[in-house]
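These numbers come from a predicted model, not from an experiment.
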Amino acid sequence: MSATVSPTTVARLRLASQWILPPTSASPAPGPADVVRWLTALQGQDFSGALWSIGLRAPGATRDDVMACFNRGEIVRSWPMRGTLHVTAAEDLGWILGLTGGRMVTGMAGRHRQLGITTPDLERVRDVALALLEPAGGQVSGRATREELLAAFRAAGQRTDAQRGIHLLWLLCLTGTLVQGPLEGGAGNGTQQQFVLMDAWISRPRVLARDAALAELALRYFRSHGPATVRDFQWWTKLTLKDVTAGLAQARGQLASLDCNGVTHWLAPETAALLGSGPAPGARSVILLPGFDEFLLGYSDRGAALAPDHAALTVPGGNGMFKATVVAGGQVAGTWRKAKGAAEKRREVAGVVLPELFGGLSPARHRALEKSAATYARFLNTD
């Protein structure tokens, strides 16, 4: 029989399973690529926020360290799930797209008819992209920014207005032609990611049969995001319930389960074991998370960490644009942003963070907030 836990315990266990809490073992701290591989996929439409999502889980890593992983081809960004940009390990992208890509393309068919995108149009821009990104000068692939690719599409007679261009790029990524990999111009704040040829850039892709891929995705999601429910997993992947059930059926022997409010939550056995020595860890933690972090975005039901009366403060207007959050003891306790200008100097923490708390923090938690802000400053290489 599964142990029964509270939503607060669920949230704190997620801090541990997602590697948000500092590691307690003597094993080496994970690097940025290890973090991405562990989470399997993390939401990445806000690129700067995605860099911090990775960096905060890799103790000692800086923004430049994370960007270097993109430049080395260890991690990439594409649209593997929910039609939204995510960061994945390079070797994982192909088999994930093999599960999810077809459903996303089918789901967008009506929108693509509105935009006048036909199969010949897609093949035309594919040819344009392949020609533009032909390897040169010893590179495994040519490189181009989004603007350069869209300009090439227009030169070939393809409209790119009214989001037609980005949908063409989206289709080329979902069908395995392009991926966002290296960064233009090194490590500057104005850096943008470049598109490369997926087959050339990802030299050692993992190839999994469909059943094995479903099992792999289920196991890795529940290990890295658990405690989580079947509904959470289905929302995260947008797979059919049949596929979700098949994946979990193969993975459940390697998972533990807990009960929260009468619903089964699956998780890694080592995460469940954290309850054996007392309360869930993280009660005193204060963490600064970016706006689209997996701690909130990795689940269909965010109530374990986000109180109903704080939801509108975290996602103003319910428009899907999540503010960066202050998470205290596993609960969203406020929002934050980088401080700007001399007028905000008196209210900032560690010279970089301006929090907007929903309530007061104890002195101990305020010290923890200052420590987290200092960690973020070091990540940015801020003196």
Side-chain angles (χ1 to χ4, degrees), residues 36 40-50 70 73 75-90 92-133 141-184 192-202 205 217 235-240 292 297 319-321:
V36 175
T40 308
L42 61 112
Q43 200 151 329
Q45 73 266 52
D46 173 11
F47 190 58
S48 293
F70 282 103
I75 58 179
V76 294
R77 194 165 63 138
S78 189
W79 286 273
M81 290 187 297
R82 306 194 303 278
T84 300
L85 281 166
H86 283 73
V87 179
T88 71
D92 287 331
L93 177 61
W95 66 263
I96 297 174
L97 281 174
L99 292 175
T100 62
R103 283 178 58 80
M104 285 189 284
V105 172
T106 300
M108 278 290 185
R111 176 60 174 149
H112 292 160
R113 283 194 296 271
Q114 292 176 349
L115 292 171
I117 296 175
T118 65
T119 299
D121 290 332
L122 179 59
E123 294 312 311
R124 176 63 178 138
V125 296
R126 195 188 313 277
D127 289 341
V128 169
L130 289 171
L132 181 64
L133 299 178
S141 169
R143 306 175 182 190
T145 64
R146 181 174 71 173
E147 290 71 22
E148 288 168 342
L149 278 163
L150 295 180
F153 295 169
R154 289 191 294 272
Q158 292 291 323
R159 291 189 300 102
T160 60
D161 59 322
Q163 296 190 323
R164 192 174 188 273
I166 192 62
H167 278 268
L168 289 170
L169 288 173
W170 183 82
L171 284 166
L172 290 177
C173 287
L174 260 66
T175 53
T177 298
L178 299 180
V179 68
Q180 293 185 61
L183 296 150
E184 180 188 44
Q192 63 174 315
Q193 226 171 349
Q194 295 174 306
F195 287 86
V196 289
L197 297 177
M198 181 171 164
D199 286 346
W201 187 253
I202 301 177
L217 193 58
W235 178 86
W236 192 70
T237 60
K238 295 301 183 185
L239 293 173
T240 65
F292 293 92
L297 271 292
N319 60 3
M321 297 302 294

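Take Arg164 and apply the salt bridge (Lys or Arg N to Asp or Glu O under 4.0 Å) test, not counting sequence neighbours, and it matches Asp121. Applying the salt bridge (Lys or Arg N to Asp or Glu O under 4.0 Å) criterion to Arg103, with sequence neighbours excluded, gives no partner residue. Residues passing the ring-ring contact (aromatic ring centres under 6.0 Å, His included) test with Phe47 are Phe70, sequence neighbours excluded. For Trp95, the side-chain hydrogen bond (donor to acceptor under 3.5 Å, both in side chains) partners are Asp92, not counting sequence neighbours. Residues passing the side-chain hydrogen bond (donor to acceptor under 3.5 Å, both in side chains) test with Glu147: none are found, sequence neighbours excluded. Residues forming a side-chain contact (heavy atoms from CB on, under 4.5 Å) with Thr160 (at least two apart in sequence, or on another chain): Leu150, Phe153, Arg154. Shown here are the side-chain contact (heavy atoms from CB on, under 4.5 Å) partners of Leu122, two or more places apart in sequence or in another chain: Val125, Arg126, Leu171, Leu172. Taking the salt bridge (Lys or Arg N to Asp or Glu O under 4.0 Å) definition, one finds that Arg124 meets it with nothing, sequence neighbours left out. Under the rule for a side-chain contact (heavy atoms from CB on, under 4.5 Å), the partners of Ala200 that lie at least two apart in sequence or sit in another chain are Ser141, Leu197. Residues passing the side-chain contact (heavy atoms from CB on, under 4.5 Å) test with Ala90 are Val76, Ile202, sequence neighbours excluded. Every ring-ring contact (aromatic ring centres under 6.0 Å, His included) that His112 has, sequence neighbours left out, goes to His167, Trp170. With sequence neighbours excluded, no residue satisfies side-chain hydrogen bond (donor to acceptor under 3.5 Å, both in side chains) with Arg143.
Nearest heavy-atom pair across Thr88 and Pro80 is CG2-CG, 4.0 Å. Across Trp79 and Met104, no two heavy atoms sit closer than the pair O-CE, 3.1 Å. Minimum heavy-atom separation, Leu97 to Cys173: CD1-O, 3.7 Å. Taking all atoms of both residues into account, the shortest heavy-atom contact from Val36 to Ala89 is CG1-N, 3.3 Å. Here the closest non-hydrogen pair linking Gly181 and Val196 is N-CG2, 4.4 Å. When all heavy atoms are compared, the tightest approach of Trp201 to Pro182 is CZ2-CD, 3.7 Å.
Taken from OG1 in Thr100 to CG in Leu174, the straight-line distance is 6.5 Å, to the nearest 0.5 Å. The distance from atom CE of Met108 to atom CD1 of Ile117, rounded to the nearest 0.5 Å, is 10.0 Å. Here the NZ-CG distance, from Lys238 to Leu99, works out to 16.0 Å after rounding to the nearest 0.5 Å. Remark: Ile166 CD1 to Leu115 CG distance equals 11.5 Å, nearest 0.5 Å. Going from atom CE of Met81 over to atom CG of Leu217 covers 6.5 Å, rounded to the nearest 0.5 Å.
Side-chain contact check for Leu133 versus Leu178: some heavy-atom pair is nearer than 4.5 Å. Side-chain contact between His86 and Ile96 is absent, with no heavy-atom pair separated by less than 4.5 Å. Side-chain contact between Gln193 and Leu183: present, with at least one pair of heavy atoms (C-beta onward) separated by less than 4.5 Å. Between Leu85 and Gln180, some side-chain heavy-atom pair lies under the 4.5 Å cut-off.
Between the side chain of Ser78 and the backbone N or O of Val179, no donor-acceptor pair lies under 3.5 Å.
Side-chain contact check for Arg82 and Gln43: at least one donor-acceptor pair (N or O, by modelled atom type) lies under 3.5 Å.
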